[in-house]
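The structure appears below as structure tokens.
All values derive from a computational prediction rather than experimental measurement. Throughout, protein chains are lettered first and strands after them, A, B, ... in sequence-line order, and every chain is numbered starting at 1.
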Amino acid sequence: MNLIGDWIAALIFIIIMSYLFIETRFFKAITFVVIGVAVGHSAVVAINTIVSRCIKPIAVGNIAPIIPVIIGLLLFSQFSKNYKYLGRYPIGMIVGVTTGVSVRGMVETDLVNQIIATIKLPVNNISNIIFIICLVCALSTFIFTKKLSKPWSYAQNVGRCTLMLYFGWMFGSRFFMFTGILIDRFRFVLSVFGIL
Amino acid sequence: MPLFKREVPLTFISIIMVIVIFSYFLNIPQLSTASSVLLEWVTIVCAFALFMALVNVLVTHGKKVIDRKEDWYYSLLVIVPMIVTMAVGLIYGIGHLNYQWIMNNVLFAIEAGLSGLFVFYTLSACYRTFSIKNWPSALLVISAIVAILSGTPTGELLHKNFSMISSWIESYPSMAAARGYRLLLTMGGLVLGIRMILRMEKQHLGIVEEEIE
Amino acid sequence: MMGEEQSVLEKLATIDRRVLYVIFFVVLLLANVFKFSLPIVVHPEAKAVYDAIEELHEGSSVIYSCDSDIGGYSESGPPQVAVMNHLLMRPLKIIIVACGEPTGLLVALNVLRDVDQDLLNKKEYGVDYVLLGFLPGEESAVAALASTPFEKLFPFDYEGNILSELPIINEVRSSEDISLVLDAPYGDIAFWMRHWGAPLEIPVAFLMTTGYLPAVMPFYQSGQLLGMVVGSPGGAEYEQLIGKIGTSLQTTSIMSVMGLLCIACMICANVITFFRKEEKNKIGERR
């Protein structure tokens with residue numbers, strides 16, 4: 001069974017890599033299969049959650065999950081023309097809670113602590129001074145999207161250069177992320193074919 | 001009933017957000033309890049939303065198969081693996097070897113393979129387009145080269161001070177841009193949150209201004 | 001002579017991409033076949049995670065969240081496996097959850113499959129470690145875990161065992177009992193830092209792919225993030241620290257070759273552009 005699985009995985013890799021040279025029906029088929037399997041897995045996980053958190057407790061008399069179950073079932077109203085608007089309640093709940101939780105967490109972690117970390121930098125170090133200048137210039141580039149007149153345009157130019165350094169760093173990091181994935185799969189395929 | 005179609009959902013979101021946000025900053029036990037209950041409930045509602053993905057895919061692709069639309073057989077390639085995966089997952093369980101076999105030899109293989117394609121596209125793009133035309137593009141290329149050399153042991157082998165140079169670039173100018181980006185992203189998120197509390201954001205609920213009652 | 005140079009330059013500039021792909025494949029094949037390994041330097045970020053786990057007292061509890069996608073397991077897996085091996089070496093209680101992607105649960109199962117099985121067999125499931133399962137909601141799920149007892153959110157573990165019957169849950173009931181958070185995030189998501197790190201003051205460390213390192217660095221620099229083990233290179237560093245060398249070292253070495261190939265492509269692009277410009281200028285001057 002493992003051997004069949006390895007050969008299937010190796011074949012999938014070859015079909016995907018063949019897309020670099022020619023588009024085939026097999027590649028297109030694979031892009032549809034992955035959707036099916038991924039959605040199938042999400043459904044399994046969702047059903048397990050619903051059964052363990054809702055159905056089993058309700059079956060033993062614990063009615064606490066009834067309200068979220070009703071709200072969740074309202075999602076299916078989108079298939080009705082007249083009652084489609086009922087789906088806005090569960091979506092609203094998800095969006096409201098997630099956004100509320102994000103906002104309350106962002107204030108301390110992403111905003112205040114980041115600003116404090118910047119303010120706490122000792123200014124007797126030239127590198128820290130460069131950091132603060134680059135930060136202010138990068139912020140000005142983001143905020144003032146229209147080109148400003150001199151001397152403010154110098155800040156935008158410095159900001160643009162700072163952003164280019166960041167994008168180059170991001171590019172290098174992202175390249176390595178995909179390279180790591182490719183190397184592992186390539187090594188796997190070579191081992192299936194007995195080359196490694 | 002425009003009230004229940006539009007006003008009530010928007011108010012519902014505002015109330016939920018106020019409870020969740022203020023429970024964090026104010027020490028009111030009732031608010032904390034309400035917030036904890038909402039967080040518990042939303043994990044259940046999200047499970048239903050995940051299940052909706054299955055229903056949506058079945059309806060969309062099922063219609064294509066039944067109506068024999070163009071390339072309907074590709075829709076079969078969505079539905080059949082989906083049903084097989086679900087059947088194996090629900091009968092045997094997620095931890096079972098059969099389910100793991102499907103996940104590792106199909107899902108993981110395809111997703112990893114598709115990710116691996118990007119490497120070739122990136123290398124090809126580097127060859128064709130990464131030419132230096134002005135100062136910003138020069139900095140982009142230099143920074144990319146420094147990031148690539150510092151990400152692996154190659155940089156250390158090239159020059160003993162390389163790690164010092166690369167960590168300076170990463171810790172000061174690049175980090176400044178990263179922090180600036182993060183700060184602005186946060187401020188945008190906060191503005192969005194305030195707009196949602198004030199009922200000014202409607203797109204996520206599919207409410208359009210000229211909605212017919 | 002000038003005509004030949006022009007045609008060579010033009011040919012190089014407009015070379016068919018499939019020829020380039022074949023060259024890239026050959027380089028990748030040769031790098032895999034001719035095995036070599038480069039010396040690894042341990043970065044302070046990875047060392048910080050190692051020290052944090054080493055300094056945990058006996059019986060301390062760690063929550064390990066697999067939020068990453070299965071597609072990136074090749075890159076995010078090695079640091080997770082290395083750190084899990086370290087956790088299994090120590091007398092700790094490990095709670096494993098998945099809060100981000102549904103496939104995070106599969107990542108967790110793959111990590112448990114790929115760790116040293118001798119170490120894993122010395123631990124008892126339900127006593128020393130437990131895999132709770134997937135909790136939908138992403139950030140809401142992480143926030144819910146921070147404020148709710150685990151038993152309420154996970155009445156059963158991923159296999160269907162009743163959680164209250166597992167001994168580990170008597171010792172690790174909620175976030176109050178957790179000493180360290182290890183998160184394998186999907187992207188640069190700061191969920192655990194926002195809801196566990198800042199309000200509960202529990203140290204958070206990331207086990208992540210290389211791609212999101214630049215976006216996460218500001219948190220490390222500000223002290224909000226304890227440390228990071230990043231991608232295959234990070235996995236190789238961590239393997240060196242714990243003394244269990246795996247495949248990360250070879251992957252990192254091959255990544256170096258691919259990195260040099262990328263740099264070579266960039267240099268070629270600039271050299272070709274430069275000489276083409278020179279040629280065009282010379283042709284312009286002659287006219």
Side-chain angles (χ1 to χ4, degrees), chain A residues 5 8-9 12-13 16 20 29-30 32-37 39-40 42-44 46 49-50 53 68 71-72 75 85 88 90 92-93 95-97 99-100 103-104 106 110-111 127 130-131 134-135 138-139 142 160-169 171-172 175-176 178-179 181-182 185, chain B residues 5 9 12-13 16-17 20-21 24 38 41-42 44-48 50-54 57 74 77-78 81-82 85-86 89 101 105-107 109-110 112-113 115-116 118-120 122 136 139-140 143-144 147-148 151 172-174 176-180 182-184 186 189 193 196 204-205:
Chain A
I8 289 173
I12 286 171
F13 181 81
I16 291 172
L20 293 168
I30 275 174
F32 283 88
V33 166
V34 74
I35 295 168
V37 176
V39 170
S42 299
V44 168
T49 306
I50 292 168
R53 302 265 316 271
I71 297 174
L75 278 166
Y85 67 91
R88 289 176 181 168
M93 183 177 186
V95 169
V97 172
T99 312
V103 163
R104 78 183 198 189
M106 262 192 219
D110 295 40
L111 191 67
S127 299
I130 291 172
F131 179 89
C134 287
L135 174 62
L139 283 170
F142 277 124
R160 201 167 296 126
C161 291
T162 308
L163 286 170
M164 287 297 137
L165 285 172
Y166 175 59
F167 293 146
W169 185 25
F171 168 81
F175 173 74
F176 272 137
F178 293 117
T179 306
I181 296 170
L182 174 69
R185 294 314 297 170
Chain B
K5 282 185 182 179
F12 183 56
I13 294 177
I16 285 176
M17 283 186 70
V20 168
I21 293 172
Y24 186 74
L38 278 170
W41 285 1
V42 90
I44 295 172
V45 178
C46 285
F48 278 95
L50 265 179
F51 186 73
M52 269 302 290
L54 166 82
V57 165
Y74 287 124
L77 283 175
V78 174
M82 188 168 70
T85 306
M86 269 183 65
W101 189 94
N105 295 312
V106 181
L107 184 64
I110 297 174
S115 299
F118 283 116
V119 176
F120 294 93
T122 309
L139 287 171
L140 179 75
S143 180
I148 287 169
Y172 293 98
S174 295
R179 184 162 284 168
R182 173 65 57 173
L183 286 172
L184 280 164
T186 306
M196 284 176 71
H204 54 280
L205 293 180

Quiz item: Is a side-chain donor or acceptor of A/T99 paired with a backbone partner of B/G193 at a separation under 3.5 angstrom?
Solution: no

Quiz item: From A/L163 CG over to B/S143 OG, what is the distance, rounded to the nearest 0.5 angstrom?
Solution: 11.0 Å

Quiz prompt | Side chain, backbone, both or neither of A/F176 within contact of chain B (heavy atoms, under 4.5 Å) | solution = side chain

Quiz item: Are the side chain of A/R185 and the backbone of B/A109 linked by a donor-acceptor contact shorter than 3.5 Å?
Solution: no

Quiz item: Which distance, rounded to the nearest 0.5 Å, do you find between the CD1 of A/I35 and the CG of B/L107?
Solution: 11.5 Å

Quiz prompt | Side chain / backbone / both / neither for B/M86 at chain A, heavy atoms under 4.5 Å | solution = both

Self-check item: Side chain / backbone / both / neither for B/V57 at chain A, heavy atoms under 4.5 Å
Solution: side chain

Quiz item: B/A177 and A/A138: which non-hydrogen atoms are nearest, and at how many Å?
Solution: CA-CB, 4.2 Å

Exercise. Under the side-chain contact (heavy atoms from CB on, under 4.5 Å) rule, what do B/F48 and A/I71 come out as? Steps first, then yes or no, please.
Key: CA-CA 9 Å; B/F48 278 95; A/I71 297 174; over 6 Å; no

Self-check item: Set of residues satisfying side chain to side chain donor-acceptor pair (under 3.5 Å) with respect to B/R179, sequence neighbours excluded
Solution: A/Q114, A/T118, C/Q221

Exercise. Start with the C-alpha gap between A/D110 and B/L183, add the side-chain angles, then the distance that decides, and say whether side-chain contact (heavy atoms from CB on, under 4.5 Å) holds.
Key: CA-CA 7 Å; A/D110 295 40; B/L183 286 172; over 6 Å; no

Practice problem: Check each atom of A/T49 against the heavy atoms of chain B and say whether the ones under 4.5 Å are side chain, backbone, both or neither. | Solution: side chain

Quiz prompt | Option that, when pairs with chain A are counted at under 4.5 Å, heavy atom only, ranks first among B/F120, B/Y74, B/F118 | solution = B/Y74

Practice problem: Could you check which of B/L38, B/V42, B/L54 has the highest count of heavy-atom pairs closer than 4.5 Å to chain A? | Solution: B/V42

Self-check item: Heavy-atom pair of closest approach, residues B/A176 and A/L135
Solution: O-CD1, 3.3 Å

Exercise. Output the distance between atom CG (B/L140) and atom CZ (A/F171), rounded to the nearest 0.5 Å.
Key: 8.0 Å

Quiz prompt | Residue part contacting chain B, namely of A/I12, when any heavy atom lies under 4.5 Å | solution = side chain

Exercise. Name the member of B/I13, B/I148, B/I16, B/N105 that forms the most heavy-atom pairs with chain A at distances under 4.5 Å.
Key: B/N105

Quiz prompt | Test item: B/M196 and A/V95 side chains (from C-beta on) under 4.5 Å apart, heavy atoms | solution = yes

Exercise. Sort out for me which of A/G40, A/P68, A/G72 touches chain B most, counting heavy-atom pairs under 4.5 Å.
Key: A/P68

Exercise. Give the minimum heavy-atom separation between B/G113 and A/I16, together with the two atoms involved.
Key: O-CG2, 3.5 Å

Exercise. Check whether any side-chain heavy atom of A/V33 sits under 4.5 Å from a side-chain heavy atom of B/V78, and report yes or no.
Key: no

Quiz prompt | Reported CG-to-OG distance for the pair B/L50 and A/S42, which is rounded to 0.5 angstrom | solution = 5.5 Å

Practice problem: For A/R104 and B/V20, indicate whether the former's side chain and the latter's backbone hold a donor-acceptor pair under 3.5 Å. | Solution: yes

Exercise. Find the distance between CG (B/L139) and OG1 (A/T162) and round it off to the nearest 0.5 Å.
Key: 8.5 Å

Quiz item: A/L111 versus chain B, heavy atoms under 4.5 Å apart: side chain, backbone, both or neither?
Solution: both

Quiz item: Do the rings of A/F131 and B/Y172 sit parallel, tilted or perpendicular, given the 30° and 60° boundaries?
Solution: perpendicular

Self-check item: Pairwise distance OG1(B/T186) to CE(A/M106) - rounded to 0.5 angstrom
Solution: 6.0 Å

Quiz item: If you take all heavy atoms of B/S115 and A/I181, which pair is closest and at what distance?
Solution: CB-CD1, 3.9 Å

Self-check item: Max heavy-atom pair count under 4.5 Å with chain A, selected residue of B/S174, B/P136, B/G180
Solution: B/S174

